[in-house]
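Have a look at the structure below, then the notes.
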Amino acid sequence: MPELPEVETVRRGLERHLVGRRITHVEVGRERVVRRTSREALIDGLTNTVVVGAQRRGKYLIAPLDSGEALMVHLRMSGQLLLAAAGATRPSHTHVVLSLDDGSEAWFVDPRTFGEVVVFAPDRVAVELPSLAALGVDPIADDFPRTQLRAIVRSTGRALKPLLLDQHRIAGIGNIYADEILHAARLRPDRAANTIDAAATWRLHASIVATLDAAIRAGGSTLGDAQYVDLMGAGGSYQDQHRVYGRAGERCSTCGRGWIRRTISGGRSTHFCPVCQH
DNA sequence: AAGCACACCTGCTAGC
DNA sequence: TGCTAGCAGGTGTGCT
């Protein structure tokens with residue numbers, strides 16, 4: 001569910017409401033969400049520590065602790081982090097509860113349990129969280145020179161969409177924003193990456209940065225099922241600016257001529273305008 | 001070695 | 001009303 005803009009919105013909430021708080025108590029319900037280590041490792045690693053930062057790499061949330069370790073949360077498809085008053089009624093699928101020293105609680109809620117919560121040692125990240133260590137450039141958090149995108153695009157004949165989704169190359173773009181970015185860049189999702197020229201590459205670079213920035217400013221995308229909400233439970237509004245995702249069969253609002261088409265590739269739905277995207 | 005199919009779960013919706 | 005099939009924002013594994 002959440003992609004870079006949604007995770008960044010949650011990160012900003014954590015920066016504001018969690019940093020500086022001491023974790024006084026930890027409860028773990030379903031053990032599956034702490035599968036990378038164990039229930040005991042999470043409880044021992046978090047209890048009586050102070051959260052000293054709130055960072056994001058791609059779709060990973062990282063909160064350094066005063067112990068020198070760090071908390072990592074990945075929301076995957078259906079995870080949520082919510083802040084609530086102690087004693088508030090917890091939604092079903094609340095798997096981890098952190099009690100904080102100001103009387104509030106942070107909840108990790110995740111119906112599908114693809115998400116995970118772990119405490120790790122940052123100096124051993126390559127061993128403890130290899131996929132985090134292997135992430136590519138973060139187009140928002142890092143400097144992202146357009147020459148770097150040029151190198152990535154020229155390195156493979158893969159289609160543009162799976163390339164944008166490859167977290168080892170560029171970190172944070174998911175299924176919704178890949179479609180929106182390619183539409184904004186007027187490039188077909190199935191176009192072979194190494195066939196686009198410099199001008200198209202610069203367009204793609206500008207579209208990545210502009211689309212993600214605009215989505216962050218809108219607080220991310222919350223679809224009809226309201227699965228994505230921020231730390232305070234509020235939805236985003238970028239879904240109102242989607243031009244292709246979820247708009248199959250509608251007239252293209254960009255060129256006014258094409259009809260948005262939906263195809264399946266790699267088991268993921270893909271949306272594009274066959275008229276204005278080449 | 002890169003790239004692909006499939007697995008991992010639950011809940012919701014559309015269609016019968 | 002109630003069943004079932006299909007679909008969902010992501011990534012890890014295991015195969016070619």
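Chain A is the first sequence line, chain B the second, and so forth, proteins listed ahead of strands; every chain is numbered from 1.
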When you measure from the side-chain N and O atoms of [X] to the phosphate of [N], is any distance below 4.0 Å, counting only OP1 and OP2?
{"X": "A/Ser269", "N": "C/dG9", "answer": "yes"}
{"X": "A/Gln167", "N": "C/dG10", "answer": "no"}
{"X": "A/Arg35", "N": "C/dG12", "answer": "no"}
{"X": "A/Ser78", "N": "C/dA8", "answer": "no"}
{"X": "A/Arg262", "N": "C/dA8", "answer": "yes"}
{"X": "A/Tyr245", "N": "C/dG9", "answer": "yes"}
{"X": "A/Arg30", "N": "B/dT10", "answer": "yes"}
{"X": "A/Ser131", "N": "C/dG12", "answer": "yes"}
{"X": "A/Lys59", "N": "C/dT11", "answer": "yes"}
{"X": "A/Arg76", "N": "C/dT11", "answer": "no"}
{"X": "A/His93", "N": "B/dC9", "answer": "no"}
{"X": "A/Arg268", "N": "C/dA8", "answer": "no"}

*Please say whether more than 12 non-hydrogen atoms of neighbouring residues, nucleotides or ligands are located less than 6.0 Å from CZ in A/Arg251.*
yes
*Which whole number of Å gives the distance between the P atom of B/dC9 and that of C/dG14?*
15 Å
*Between C/dG9 and B/dG3 - P atom distance, rounded Å*: 22 Å
*Any link between A/Leu98 and A/Leu61 through a network of hydrophobic side chains (Ile, Leu, Val, Met, Phe, Trp, Tyr) touching at under 4.5 Å?*
yes
Between [atom2] on [N] and [atom1] on [X], what's the gap in Å once rounded to a whole number?
{"X": "A/Leu163", "N": "B/dC4", "atom1": "CG", "atom2": "P", "answer": "11 Å"}
{"X": "A/Lys161", "N": "C/dG9", "atom1": "NZ", "atom2": "P", "answer": "8 Å"}
{"X": "A/Glu116", "N": "B/dC9", "atom1": "CD", "atom2": "C1'", "answer": "14 Å"}
{"X": "A/Gln80", "N": "C/dG9", "atom1": "CD", "atom2": "P", "answer": "16 Å"}
{"X": "A/Met77", "N": "B/dA7", "atom1": "CE", "atom2": "P", "answer": "15 Å"}
{"X": "A/Glu180", "N": "C/dG9", "atom1": "CD", "atom2": "C1'", "answer": "13 Å"}
{"X": "A/Gln227", "N": "B/dT10", "atom1": "CD", "atom2": "P", "answer": "14 Å"}
{"X": "A/Asp179", "N": "C/dG9", "atom1": "CG", "atom2": "P", "answer": "9 Å"}

*For A/Arg112 and A/Asp166, take the nucleotide of DNA chain B holding the closest heavy atom to each; which residue's nucleotide lies nearer the 5' end?*
A/Asp166
*Distance-only, no hydrogens or angles: does the A/Arg191 side chain make a donor-acceptor pair with backbone N or O of A/His278 under 3.5 Å?*
yes
_Let me spell it out: for each of A/Arg36 and A/Asp225, pick the nucleotide of DNA chain C with the closest heavy atom. Which residue's pick is nearer the 5' end?_
A/Asp225
*Once you apply the 3.5 Å cut-off to both distances, tell me the Watson-Crick or G-U wobble partner of C/dG10, or none.*
B/dC8
*Paired with C/dT1: which nucleotide, if any, by Watson-Crick or G-U wobble criteria at under 3.5 Å for both distances?*
none
*Where do A/Glu31 and A/Arg35 land on the salt bridge (charged side-chain N to carboxylate O under 4.0 Å, His left out) test, with the steps shown first?*
CA-CA 6 Å; A/Glu31 201 141 21; A/Arg35 60 195 174 279; over 6 Å; no
Pick base, sugar-phosphate or nothing for [X], based on heavy-atom distances below 4.0 Å to the nucleic acid.
{"X": "A/Phe114", "value": "base"}
{"X": "A/Tyr238", "value": "nothing"}
{"X": "A/Leu223", "value": "base"}

*Does A/Leu149 reach the side chain of A/Arg169, with side-chain heavy atoms less than 4.5 Å apart?*
no
*asked:* Run A/Asp179 and A/Lys161 through salt bridge (charged side-chain N to carboxylate O under 4.0 Å, His left out) and show every step you take.
replied: CA-CA 8 Å; A/Asp179 285 2; A/Lys161 178 157 179 186; 2.7 Å; yes
_Options B/dC9, C/dG9, C/dG10, nucleotide nearest the side-chain atoms of A/His74_ = C/dG10
*Minimum-distance nucleotide (side-chain atoms of A/Thr113 versus B/dC9, C/dG9, C/dC7)*: B/dC9
*Would you call A/Asp101 and A/Arg21 a salt bridge, using N to O less than 4.0 angstrom?*
yes
